[in-house]
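Here's the structure we're looking at; comments come further down.
In what follows, chains are A, B, ... by sequence order, proteins preceding strands, each numbered from 1.
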2 protein chains.
Amino acid sequence: MASASVRDVAAAAGVSVGTVSNVLNRPEKVTPGTLGRVQEAIERLGFVRNDAARQLRGGRSRSIGLIVLNAGNPFFADLARGAEERAAEAGLSVLVGNSDENATREAAYLDLFEQQRVRGVLISPLGDTGPQLQRLRGRGIPSVLVDRQTENSTFSSVAVDDVAGGYLAVSHLVAGGRSRIAFVGGPLVLRQVADRLEGGYRAAAERGSATLEVIETGSLTVTEGRAVGERIRALPPSERPDGIFAANDLLAMGLLQALNMSGDVTVPRDIGLIGYDDIAFASAAVVPLSSIKQPSALIGYTAVDLLLQESDGGDAFEHGQIVFQPELVPRESTATGA
Amino acid sequence: MASASVRDVAAAAGVSVGTVSNVLNRPEKVTPGTLGRVQEAIERLGFVRNDAARQLRGGRSRSIGLIVLNAGNPFFADLARGAEERAAEAGLSVLVGNSDENATREAAYLDLFEQQRVRGVLISPLGDTGPQLQRLRGRGIPSVLVDRQTENSTFSSVAVDDVAGGYLAVSHLVAGGRSRIAFVGGPLVLRQVADRLEGGYRAAAERGSATLEVIETGSLTVTEGRAVGERIRALPPSERPDGIFAANDLLAMGLLQALNMSGDVTVPRDIGLIGYDDIAFASAAVVPLSSIKQPSALIGYTAVDLLLQESDGGDAFEHGQIVFQPELVPRESTATGA
DNA sequence: CCGCGAGAATGAATCGATTCATTCCGCCGC
DNA sequence: GCGGCGGAATGAATCGATTCATTCTCGCGG
């Protein structure tokens, strides 16, 4: 009952194990007659290669690891899809781990991937994972940072210019006549969040008229957004912002829900709201949500591409820092009366 | 440079490989002194177990596979989270594959999992995967069907009573005074879809006044929903349904977008709309979406639980068919003028 | 008829962790 | 002082696919 091994197949077909392996990996080196007999035996015995043995001998696995901040965020689902596509082209598969913005979980996945000797790791890092990644590198496992620029040119990275994105977002709000801007997002240790904020500051500074206040959140979820929205709604009009830049669409949708719950404060009449990522649901929101669009699938695709280059490229390889430009997608949530 | 192996660690610590293995797996059988020395060597050499070798010898891997219909659907993200949670409790990890409602991809993932000799497979099957799953079973890889009931008691399954859910949905529409109901969903080979429709039929039949028309779609996505919405909006009022039951929330959100785009037809005034799954975005939709709620994370958690029972349970194991009950979550999209 | 070379097939060695039958060691009781 | 006992440590064997140096087989030219 135990699964058949190459040895069993060899016996059944009356050839040696070496030949079976050739049939599997270099069929052109095998005589048609022999090839047929072996294939028939494989079929008959229901033989399926054991990946563990393969990898043990070969030294490298056939999968790459991907660690995302939040699997529930469609942005990452799209990114994963792109990564998977490029990996499939190379005959590899992608293992997705969800760190849930939790350093412990992130470390656990890195450990897991290290044990599995994955071909490489794509990671949307939480905090400072440098040391861990260096360590993987030492073991021959390259990594690519996704959705995160890095000053550190010892790693490849694929990201979107978050500072530019933040700038776009706040500029758009200000251009619409909003001047008391609030940035909602966090934790600020997330580089993406910090950069978006940075861009926002620049835009606000440029137009002297606008102020930018920061409301830091514990995570980037709908629930968190809703909580902040409740608080804002309860503020007296004078202290209330008239423009909100949310660090991602999940937060923005939560904010929207809470703000428009009662009629006293509404988006976009009293508050202009813009999110980030332009997830598919953004346009279907209570009030269609303005957002900053990122080429999510392309990021994943490109990241795997870089990874493969590094993995195969040998010494000649140069780490690449790829930066895409974000794009403003204005919708009703930032519409002005005019 | 090459990674250190147990052999290296053994040499460094002046013990045998067997002892190193004991330190790793049964530390209590090792003298404190020896244990310390070995651990120090492990630390110093940066030794990390090679999972492939472990699995090759042990025969079974430390991960379980999960195949979902659509990774972009938050319902599956939640389900995966639940699965992951239970797996982690057992020291296992979950590999997520996205079939994207595509039989070829589904088969490819099953092959991959078979090669990896995963501990078991959780699958939200597309069509008839019975034979493939039987085959895995023959190799000692049990599977559990998720989000899908099965008449076939040779497999365990965890699902929600979709017929009941469909019944709830259509009853709710009819109770709100809607009588020309359209069911939007597909492909109908998806059991979940067929069952929801079946439930809808029952509800319609029960209230003789209502008619139920089926608009079959190619997939369960926002885009597809939008397309159908456009078509419905273009219909003359007399042919237009006054209630729509969408097979999932993604479709529903797409429909909503398209329908409410211009002011002539609106939800819920002209058409009552209800979705399925109650994803987090449903309540943040243009018009908060009524839906049928499923305990998504619990489904995943329970499925892994069943899987582990089957995997460890030996002969005494009985396949369980667990069915949860869905719940109606009425929101504004089905509100009636009254 | 013999020798040679190209191509096909062989099978022992290998990867690294785990297992388990065996050996080793120290100590207690008689 | 010695037999015996139990706990600790040992290391050869094992899992299954792959590799590669070696052997085998033919066909053809001389």
(request) Kindly say whether G46(B) contributes a backbone atom to a donor-acceptor pair with the side chain of R139(A) at under 3.5 angstrom? (result)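 Present.
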(request) Check the side chains of R105(B) and S99(B) for a donor-acceptor pair under 3.5 angstrom, ignoring hydrogens and angles. (result)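 Absent: no donor and acceptor within the cut-off.
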(request) Return yes if a side-chain donor-acceptor contact under 3.5 Å exists between Q192(B) and D147(B), otherwise no. (result)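 Checked: Q192(B)/D147(B) side chains pair up, N/O donor to acceptor below 3.5 Å.
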(message) What verdict does the side-chain contact (heavy atoms from CB on, under 4.5 Å) test give for T154(B) and Q134(B), after you've listed the backbone C-alpha separation in whole Å, the side-chain angles of each residue and the deciding distance to 0.1 Å?
(response) CA-CA 9 Å; T154(B) 60; Q134(B) 285 290 1; 3.9 Å; yes
(message) Please confirm whether the shortest side-chain N or O distance from S5(A) to OP1 or OP2 of dC15(D) is below 4.0 Å.
(response)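 No, S5(A) has no side-chain N/O under 4.0 Å of OP1/OP2 on dC15(D).
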List the residues meeting side chain to side chain donor-acceptor pair (under 3.5 Å) with [X], not counting sequence neighbours, and say none if there are none.
X	answer
R81(A)	D100(B)
T31(B)	none
R135(A)	E114(A)

Can you give the donor-acceptor pairs under 3.5 Å from side chains of residues 70-78 of chain B to other protein atoms, not counting sequence neighbours?
unit_1, atom_1, unit_2, atom_2, d
N70(B), OD1, G72(B), N, 2.7
N73(B), OD1, F75(B), N, 2.9

Can you list, pair by pair, the side-chain donor-acceptor contacts under 3.5 Å of residues 118-129 of chain B, counting residues two or more places apart and other chains?
unit_1, atom_1, unit_2, atom_2, d
R119(B), NH1, S61(B), O, 2.7
D128(B), OD1, G130(B), N, 3.2

(message) Near DNA chain C, counting only heavy atoms under 4.0 Å, which residues of residues 13-32 of chain B show up?
(response)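 Going residue by residue through residues 13-32 of chain B, the ones with a heavy atom under 4.0 Å of DNA chain C turn out to be G18(B), S21(B), L24(B), N25(B), R26(B).
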(message) Expected output is a numbered-order residue list: members of residues 35-42 of chain B with a heavy atom under 4.0 Å from any atom of DNA chain D. What is it?
(response)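 Nucleic-acid contacts, sorted: none.
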(request) Identify, residue by residue, the members of residues 47-64 of chain B with a heavy atom below 4.0 Å from DNA chain D, and return them in order of residue number, or none. (result)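 Result for residues 47-64 of chain B: L56(B), R57(B), sorted by number.
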(request) Name all residues meeting the salt bridge (charged side-chain N to carboxylate O under 4.0 Å, His left out) criterion together with R60(A); count only those two or more places apart in sequence or in a different chain, and write none if there are none. (result)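 By the salt bridge (charged side-chain N to carboxylate O under 4.0 Å, His left out) rule, R60(A) matches D312(A).
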(request) Please name all residues satisfying salt bridge (charged side-chain N to carboxylate O under 4.0 Å, His left out) with R191(A), sequence neighbours left out, ordered by chain then number. (result)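 If we apply the salt bridge (charged side-chain N to carboxylate O under 4.0 Å, His left out) test to R191(A), skipping adjacent residues, the hits are E151(A), D195(A).
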(request) State, to the nearest 10°, the angle formed by the axis through the first five base pairs of the helix from dC1(C)-dG30(D) to dC30(C)-dG1(D) and the axis through its last five. (result)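 Angle reported: 60°, given to the nearest ten degrees.
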(request) For a side-chain contact (heavy atoms from CB on, under 4.5 Å) with I64(B), tell me which candidate from L95(B), L308(B), L307(B), V144(B) qualifies. (result)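 So, applying the side-chain contact (heavy atoms from CB on, under 4.5 Å) to I64(B) and each of L95(B), L308(B), L307(B), V144(B), only L307(B) qualifies.
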(request) May I have all residue pairs that pass salt bridge (charged side-chain N to carboxylate O under 4.0 Å, His left out) and include part of residues 13-39 of chain A, sequence neighbours excluded? (result)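 Checked against salt bridge (charged side-chain N to carboxylate O under 4.0 Å, His left out) - neighbours excluded - no pair reaches residues 13-39 of chain A.
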Atom [atom1] of [X] to atom [atom2] of [N]: distance rounded to whole Å?
X	N	atom1	atom2	result
R117(B)	dC15(D)	CZ	P	14 Å
Q116(A)	dA17(C)	CD	P	14 Å
R7(A)	dT19(D)	CZ	C1'	14 Å

